[in-house]
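Here the structure is laid out as structure tokens; the discussion comes afterwards.
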Amino acid sequence: MSIELTVIPQSDAIDLASGKLYADACTHCGLCLESCPTYTLWGQEPDSPRGRIVQIEDAIATGGSVSAEMVSHIDSCLGCMACVSACPENVEYDELIMRARVAVRAQRELTVAQRLGRGLRSQTRARSGRVRALLGTRSVPRFAAAQGATRGRVGLLLGCTQRAAYPGIHMATLGVLAAEGYEVIAPTLPECCGALDFHDGDHVQGAARAQATIDAFAAVGGVDHVVVSAGACGAALKRYGRLLNSAQARAFSALVIDVHELLSSEPQRAPLGALSLRVAYHDACQLRHGQGVAEAPRELLRRIPGLRLLELSPEAGACCGGVGTYARTQPQAASSLGNRQAQAIIDTGAQVVVSGDHACLGQLSGALKDLNHPLPAHHPLELLWSSVQAGQA
Ligand code: SF4
Ligand code: SF4
């Protein structure tokens with residue numbers, strides 16, 4: 001089933017010149033450099049947050065002209081937002097990279113690379129559709145009744161890739177939320193929340209998908225929260241208010257909550273069975289830096305009896321290279337980042353790796369396999385659901 005998208009004109013506010021306000025906040029101190037995966041990979045200033053900000057400043061100063069060199073450094077940025085977390089001046093690099101991507105997209109001709117970019121996003125969705133046709137989404141129920149006294153009524157975002165390729169995460173999320181007292185509605189629409197479009201600087205398409213998402217949840221009636229279990233999708237939904245700049249979008253974003261945030265905010269109700277496992281936790285960048293959710297997933301995992309939570313070394317780097325379409329547009333960088341993170345996981349001696357974004361799970365699985373160490377990769381909710389089921393048994 002597909003939907004007609006209402007094309008929303010791109011906001012005038014999303015142009016490079018309006019980024020001056022954000023760029024001016026940067027003192028060029030360099031304290032963000034070591035947090036940047038591409039800087040730690042190549043050691044080149046133009047591939048650091050500060051270097052990219054300087055290039056954006058230059059482009060603004062020259063009336064918005066974007067050089068070919070700048071295009072390559074903007075394209076190599078993961079959009080992981082580790083620099084936002086590291087910056088003592090609270091520079092909103094997310095606003096800057098968003099504008100830079102829109103400018104890059106607007107300026108360059110319809111090159112092979114651009115066509116490829118467009119193709120990748122539609123391929124991702126088409127593949128999601130094919131996988132969905134094979135797996136069937138019938139296995140993901142559209143409704144789960146609250147068990148025991150009701151804690152609330154929530155909507156669950158199914159998304160595109162996650163529902164197609166990782167239905168087990170949705171099954172686990174539905175199971176845990178119901179066991180914890182939430183009535184869950186999982187609308188079939190939208191097919192995609194627009195996170196991939198925003199990541200690629202396509203704000204027209206992204207805004208249309210964002211509005212379709214808002215409309216789809218409005219159609220299911222009142223919900224206390226819109227729950228998301230994918231880090232990148234959650235980060236996008238939380239930004240709808242800023243991106244669409246409407247009262248309706250701001251009200252919607254205020255309802256959005258990551259599933260770990262919601263569950264960790266309440267005492268555990270369902271009894272948990274033991275899982276005797278050594279588990280390494282990989283921070284999905286869009287969860288940790290895009291949403292500021294770092295402790296909640298760890299807190300939930302620590303609730304599971306018998307589970308030993310292992311942390312990666314700090315120098316492992318935040319991003320695994322799986323974000324958006326990066327693994328296909330920047331395959332060498334993504335492969336290096338994936339392998340670096342996979343080695344850090346192996347070094348912990350873990351039996352399982354967990355992360356709160358399916359893109360990380362796919363990227364890390366591939367990298368672990370490449371290093372001949374094919375550990376299982378799961379979402380934290382899958383382990384929590386196993387523990388709830390063990391507790392019920
Ligand atoms: S973004 Fe922040 S940390 Fe990085 S150079 Fe600018 S002020 Fe310093
Ligand atoms: S978003 Fe990530 S890759 Fe891009 S400059 Fe910031 S830390 Fe570096």
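Values below: all heavy atoms of this structure, side chains included; hydrogens, waters and symmetry mates excluded. Keep in mind the model is a prediction, meaning the values are calculated, not measured. When a residue number appears, it is its place in the shown sequence, counting from 1.
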Thr150 side chain to Ala146 backbone, donor-acceptor under 3.5 Å: no

Report, as yes or no, whether the 6.0 Å neighbourhood of atom CZ on Arg153 holds more than 12 heavy atoms from other residues, nucleotides or ligands. yes

Atom NZ in Lys238, atom CD1 in Ile257: separation rounded to 0.5 Å? 7.0 Å

Side chain proximity check, Val279 to Ile304, heavy atoms < 4.5 angstrom: no

For Gly159, is there any backbone N or O sitting under 3.5 Å from a side-chain donor or acceptor partner on Arg163? yes

What heavy-atom pair brings Cys319 and Cys80 nearest, and what distance separates the two atoms? CB-CB, 3.9 Å

Contact check, side chains of Asn245 and Arg250, non-hydrogen atoms, under 4.5 Å: yes

With the side chain counted from C-beta on, respond yes when Leu31 and Pro88 share a heavy-atom pair under 4.5 Å apart, and no when they do not. yes

Quick one: do Val176 and Leu309 end up in the same hydrophobic cluster if we chain Ile, Leu, Val, Met, Phe, Trp and Tyr together by side-chain heavy atoms under 4.5 Å apart? yes

His378: side chain to side chain donor-acceptor pair (under 3.5 Å) partners, not counting sequence neighbours: Glu382

Applying the 4.5 Å side-chain criterion to the ILVMFWY set and letting contacts propagate, would Leu21 and Val54 be lumped into a single cluster? no

I'd like to know whether the aromatic ring centres of His379 and His170 sit less than 6.0 Å apart in this structure. no

Can you tell me how far the CD1 atom of Ile169 sits from the CD atom of Gln162, to the nearest 0.5 Å? 4.5 Å

Side-chain (Ser387) to main-chain (Leu383) donor-acceptor, under 3.5 angstrom: no

Can a donor-acceptor pair be found, under 3.5 Å and without considering hydrogens, that links the side chain of Ser48 to the backbone of Gly51? yes

Side-chain donor-acceptor pairs of residues 90-98 under 3.5 Å, sequence neighbours excluded:
{"from": "Glu92", "atom 1": "OE1", "to": "Arg242", "atom 2": "NH1", "distance (Å)": "3.2"}
{"from": "Glu92", "atom 1": "OE1", "to": "Arg242", "atom 2": "NH2", "distance (Å)": "3.0"}
{"from": "Asp94", "atom 1": "OD2", "to": "Arg239", "atom 2": "NH1", "distance (Å)": "2.9"}
{"from": "Glu95", "atom 1": "OE1", "to": "Arg99", "atom 2": "NH1", "distance (Å)": "2.7"}
{"from": "Glu95", "atom 1": "OE2", "to": "Arg242", "atom 2": "NE", "distance (Å)": "3.2"}
{"from": "Glu95", "atom 1": "OE2", "to": "Arg242", "atom 2": "NH2", "distance (Å)": "2.9"}

For a side-chain contact (heavy atoms from CB on, under 4.5 Å) with Leu156, tell me which candidate from Val228, Val227, Val223 qualifies. Val227

Judged by modelled atom types alone, do Asp347 and Gln343 share a side-chain donor-acceptor pair under 3.5 Å? yes

Verdict with supporting geometry, Leu16 and Val102, side chain to side chain contact (heavy atoms under 4.5 Å, CB included): CA-CA 8 Å; Leu16 205 51; Val102 169; over 6 Å; no

In this structure, would Ile346 and Leu310 fall into the same cluster of hydrophobic residues linked by side-chain contacts under 4.5 Å? no

Between Arg209 and Asp197, does the side chain to side chain contact (heavy atoms under 4.5 Å, CB included) criterion hold? Intermediate values first, please. CA-CA 9 Å; Arg209 291 189 188 282; Asp197 301 302; 3.1 Å; yes

Using atom types as modelled and distance alone, determine if a side-chain donor or acceptor of Gln363 lies under 3.5 Å from a backbone N or O of Ala334. yes

How long is the gap from CG on Leu337 to OG1 on Thr40, to the nearest 0.5 Å? 7.0 Å

Is there a continuous path of hydrophobic side-chain contacts, each under 4.5 Å between heavy atoms, that joins Ile74 to Leu33? no

Under a 4.5 Å cut-off applied to non-hydrogen side-chain atoms, are Leu361 and His282 in contact? no

Under a 3.5 Å distance rule, please check whether Glu180 uses its side chain to pair with a backbone N or O of Arg269 as donor and acceptor. yes

Test side chain to side chain contact (heavy atoms under 4.5 Å, CB included) on Val388 and Leu272; report intermediate values, then the result. CA-CA 5 Å; Val388 168; Leu272 296 175; 3.6 Å; yes

Does the Glu191 side chain pair with the main chain of Cys160, one donor and one acceptor, at a distance under 3.5 Å? no

Mind checking the OH-CG spacing from Tyr182 to Leu174? Nearest 0.5 Å is all I need. 14.5 Å

Give the minimum heavy-atom separation between Thr38 and Ser76, together with the two atoms involved. CG2-O, 3.3 Å

Verdict with supporting geometry, Thr188 and Leu158, side chain to side chain contact (heavy atoms under 4.5 Å, CB included): CA-CA 7 Å; Thr188 310; Leu158 294 181; 5.7 Å; no

Single-linkage hydrophobic cluster, 4.5 Å side-chain cutoff, Leu41 and Val323 together: yes

Salt bridge (Lys or Arg N to Asp or Glu O under 4.0 Å): pairs with one or both residues in residues 282-294, sequence neighbours excluded: Asp283-Arg288, Asp283-Arg298

Between Ile60 and Lys20, what is the shortest heavy-atom contact and its length? CD1-N, 3.7 Å

Examine distances only and state if a side-chain atom of Ser365 and a backbone atom of Pro376 form a donor-acceptor pair shorter than 3.5 Å. no

Any side-chain heavy atom of Leu78 within less than 4.5 Å of one from Cys285? no

Using the test side chain to side chain donor-acceptor pair (under 3.5 Å), find all partners of Glu266 that sit at least two apart in sequence or belong to another chain. none

CD of Gln286 to CG of Asp258: how many Å apart, nearest 0.5 Å? 12.0 Å

Can you name the closest pair of heavy atoms from Leu177 and Val259 and give their distance? CD2-CG2, 4.3 Å

Please identify each residue that fulfils side chain to side chain donor-acceptor pair (under 3.5 Å) with Thr213, with sequence neighbours left out. Tyr240

Sub-3.5 Å donor-acceptor pair from the side chain of Ser264 to the main-chain atoms of His260, do we have one? yes

Ionic contact status for Asp202 with Arg105, cut-off 4.0 Å: yes

Verify whether one side chain among Ser18 and Asp15 offers a donor that lies under 3.5 Å from an acceptor in the other. yes

Could you tell me which non-hydrogen atom of Gly273 sits nearest to which non-hydrogen atom of Pro305, and how far apart they are? O-CD, 3.6 Å

In short, Gly234 meets Val256 closest at the heavy-atom pair O-CG1, 4.2 Å

Between CG of Leu375 and CG of Leu364, what distance do you get to the nearest 0.5 Å? 10.0 Å

With heavy-atom distances below 4.5 Å as the criterion, would you say the side chains of Tyr39 and Gln44 are in contact? no

Taking salt bridge (Lys or Arg N to Asp or Glu O under 4.0 Å) as the cut-off, I'd like each qualifying pair that reaches into residues 50-60, sequence neighbours left out, listed once. Glu45-Arg50, Asp47-Arg52

Test side-chain hydrogen bond (donor to acceptor under 3.5 Å, both in side chains) on Glu69 and Gln55; report intermediate values, then the result. CA-CA 9 Å; Glu69 194 190 348; Gln55 291 166 75; over 6 Å; no

Checking the side chain of Gln205 only, and the main-chain atoms of Gly194 only, is there a donor and an acceptor separated by less than 3.5 Å? no

